[in-house]
Amino acid sequence: MSLQIGVPRETFAGEKRVATVPDVVEKLRKLGFGVLVESGAGEAANFGDDTYRAAGADIVPDAAALWSRADIVFKVRGPNAEEVARVREGQTLVSFIWPAQNPELMQQLAARKATVLAIDCLPRQLSRAQKMDALTSMAGISGYRAVIEAANAFGRFFSGQITAAGKVPPAKVFIAGAGVAGLAAIGTAANLGAIVRANDTRAEVADQVKSLGGEFVKVDYEEEGSGGGGYAKVMSEGFQKAQREMYAKQASEVDIIITTALIPGKPAPKLITADMVQTMKPGSVIVDMAGEQGGNCELTVPGEAVVRHGVTIIGYTDLASRLAKQSSTLYSTNLLRLTEELCKTKDGVINVNMEDDAIRGLTVIKDGAVTWPAPPPKLPAAPPPAAKPAAAPPAAKGHGHGAGEPMSAGALATVFGIGAIAFAFVGAYAPAAFLGHLTVFVLACFVGYMVIWNVTPSLHTPLMSVTNAISSIIVIGALVQIAPPESGGGRPDELIRWIAVAGIALTSINMFGGFAVTRRMLAMFRK
């Protein structure tokens with residue numbers, strides 16, 4: 001018998017997201033599941049009950065009926081006390097749980113003898129888990145929305161402009177933390193025309209910051225900050241002191257600061273102090289994306305936007321929910337991919353396979369037994385280093401030279417001697433016109449070689465495409481063949497004329513294609 005998936009209305013204050021959208025309902029039904037949706041569950045995200053009915057879902061009038069009928073419950077936020085009381089023995093709950101921050105909730109759910117899959121506990125280091133990674137989906141949306149909120153509170157354009165009324169300088173944005181949310185914020189702010197700077201404790205993200213148009217600001221202290229699983233670790237006191245000095249310098253220079261720093265299971269680290277806020281220019285903005293975990297700024301008020309020392313400090317905890325339709329669509333797709341992993345037989349029955357590293361990491365409670373934290377997933381072993389080829393024995397003297405070694409003086413003299421004899425022979429017997437052509441050919445080879453040698457390898461493709469177009473100068477020969485005859489000259493026969501016409505058509509394609517490819521390739525190097 002196929003199981004029923006229930007989607008209740010979210011009860012958390014201000015939460016507009018819904019765990020499943022109509023498009024995903026159809027796909028869940030194809031996996032063999034029935035889908036129950038509480039009436040009004042998707043209204044805040046602009047998904048009406050009629051759209052769910054059209055997709056094949058049953059609309060349930062209230063939460064009590066839904067929880068009593070559903071075998072599996074999809075939620076966004078963790079359940080409140082009333083919802084926990086409705087959990088039945090053997091029921092499966094899939095939601096954000098945050099077990100490290102909510103030990104009491106974990107004990108309450110375990111007492112109900114349910115199975116709980118915490119979407120926030122997915123082992124993100126597994127490549128096959130990326131399609132289920134709701135943290136990444138929501139972080140990307142939150143990073144984008146953080147920039148939009150900053151732009152709304154900021155009193156100027158992000159991009160610099162020069163108008164008849166005066167010059168507007170570009171906004172300077174500093175982003176603390178270059179994880180998924182930070183990178184999304186970097187790309188959005190750069191696209192709006194701001195000067196973007198960013199910092200992260202993980203040195204490997206510097207190239208990603210630069211690729212999105214930002215400048216990576218390095219802390220003057222050597223320490224690696226990668227904590228595994230896509231998160232940063234707690235840094236040493238020496239590093240934190242150097243980091244605070246760097247933040248203080250940036251705070252006095254920039255117009256907008258966006259903080260994204262979080263460490264799993266711990267309060268958000270305090271990066272921006274009250275003293276730093278005082279040094280910021282009046283009208284500046286701080287968007288604290290870690291507000292729900294206490295905030296990265298000492299003056300953040302979670303869930304509110306406040307003004308302190310002339311600086312607007314935004315501590316909204318519902319950034320993803322402010323783009324409810326988009327975030328609901330992505331989140332429901334993540335849950336669909338998870339359901340596909342749980343129901344590979346497509347018969348409407350799930351199998352919580354504890355031998356599967358991804359499912360094991362997600363499962364924090366199994367039939368009432370707390371299984372969190374999960375053991376580290378078994379990552380594939382790194383391939384063994386390739387064996388170095390044995391060094392070639394040195395060549396004996398008098399028997400040639402090894403690869404890459406300069407020619408001996410005798411061999412060089414022999415080569416030049418042979419070349420001189422060949423040129424003398426050509427000069428003595430070749431026609432004068434041939435010598436002129438040969439000289440041009442040799443010089444062209446030399447100049448062409450020197451020019452190509454000094455071109456950056458990344459530009460070789462556009463260079464070859466444009467030379468391909470220029471080589472089509474041979475079209476001039478075809479034009480001469482079909483040109484009207486001069487006085488005293490004869491017209492070419494019909495065969496030659498039509499060959500010339502075909503030559504013009506083909507070389508025209510060559511010319512147009514060469515320049516078109518060059519233009520497209522060079523556009524890749526422009527910002």
Side-chain angles (χ1 to χ4, degrees), residues 5-28 35-55 57 59-60 62-63 66 70 73-80 83 93-98 118-120 122 131-153 180-181 184-185 187-188 258 260 262 287-293 302-305 314-339:
I5 296 176
V7 182
R9 181 200 292 261
E10 294 297 321
T11 57
F12 189 85
E15 182 57 70
K16 299 179 180 179
R17 289 173 291 179
V18 62
T20 295
V21 301
D23 286 346
V24 172
V25 168
E26 297 178 359
K27 297 172 183 176
L28 290 172
V35 181
L36 309 173
V37 178
E38 182 183 351
S39 180
E43 285 182 356
N46 296 315
F47 297 110
D49 289 349
D50 290 341
T51 60
Y52 283 104
R53 284 196 188 94
I59 303 301
V60 180
D62 54 40
L66 183 135
V73 176
F74 284 176
K75 276 183 58 59
V76 179
R77 298 272 185 169
N80 58 21
E83 290 171 323
L93 172 65
V94 183
S95 175
F96 281 102
I97 299 295
W98 305 107
I119 200 70
D120 49 275
L122 180 75
K131 61 185 178 182
M132 301 178 274
D133 190 359
L135 280 176
T136 294
S137 300
M138 298 301 102
I141 292 174
S142 297
Y144 170 86
R145 185 69 191 199
V147 176
I148 301 303
E149 295 292 343
N152 181 56
V180 176
T188 305
I258 298 175
T260 70
L262 284 173
V287 181
D288 193 340
M289 295 183 63
E292 196 164 358
Q293 304 301 326
E304 298 181 20
I314 299 173
Y316 296 151
T317 58
D318 61 344
L319 290 171
S321 184
R322 288 171 181 254
L323 290 169
K325 187 166 188 175
Q326 182 67 75
S327 54
S328 297
T329 301
L330 295 183
Y331 181 66
S332 61
T333 301
N334 293 139
L335 295 190
L336 170 66
R337 301 309 174 203
L338 170 59
T339 308

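Quantities reported herein were computed from a predicted structural model and do not represent experimental measurements.
Contact detail for S327 and A320: the closest heavy-atom pair is OG-O, 3.0 Å. Smallest separation of non-hydrogen atoms from T20 and Y52: O-OH, 2.6 Å. A pairwise comparison of heavy atoms in G140 and V180 identifies N-CG1, 3.8 Å as the closest pair. Between A134 and F96, the closest heavy-atom pair is CB-CZ, 3.9 Å. I314 and A153 make their closest contact through CD1-CB, 4.1 Å (heavy atoms, listed as atom of the first residue, atom of the second, distance). In this structure, T260 and M289 approach most closely via the heavy-atom pair CG2-SD, 3.6 Å.
Atom CG of N334 and atom CG of L135 lie 9.0 Å apart (nearest 0.5 Å). In this structure, the separation between CG on L330 and CE on M138 is 5.5 Å, given to the nearest 0.5 Å. The distance from atom CD1 of I148 to atom CG of L323, rounded to the nearest 0.5 Å, is 8.0 Å. Here the straight-line distance linking atom CG of D120 with atom CH2 of W98 works out to 4.5 Å at 0.5 Å rounding. For the atom pair N46 CG and Q326 CD, the distance stands at 12.5 Å (nearest 0.5 Å). Between I141 atom CD1 and L319 atom CG the span is 11.0 Å, to the nearest 0.5 Å.
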Between L28 and L336, is a side chain to side chain contact (heavy atoms under 4.5 Å, CB included) present by the stated rule, with each step listed?
CA-CA 7 Å; L28 290 172; L336 170 66; 3.8 Å; yes
Would I119 and F74 satisfy side chain to side chain contact (heavy atoms under 4.5 Å, CB included), going step by step from the backbone distance to the final call?
CA-CA 10 Å; I119 200 70; F74 284 176; over 6 Å; no
Derivation and outcome, side chain to side chain contact (heavy atoms under 4.5 Å, CB included), residues T329 and D23:
CA-CA 9 Å; T329 301; D23 286 346; over 6 Å; no
Go through the steps for D318 and R322 under the test salt bridge (charged side-chain N to carboxylate O under 4.0 Å, His left out), then give the verdict.
CA-CA 6 Å; D318 61 344; R322 288 171 181 254; 3.0 Å; yes
Check against side chain to side chain contact (heavy atoms under 4.5 Å, CB included), I258 and V147
CA-CA 8 Å; I258 298 175; V147 176; 3.8 Å; yes
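Paired with S321 under the rule side chain to side chain contact (heavy atoms under 4.5 Å, CB included), one option of E10, R77, K16 passes, and it is K16.
Judged by distance alone, the side chain of S328 and the main-chain N or O of K325 form no donor-acceptor pair under 3.5 Å. Using modelled atom types, one side-chain atom of E83 and one backbone atom of N80 make a donor-acceptor pair closer than 3.5 Å.
Within 6.0 Å of OH in Y316 there are more than 12 heavy atoms belonging to other residues, nucleotides or ligands.
Counting only heavy atoms from C-beta outward, the side chains of I97 and P79 approach each other to under 4.5 Å.
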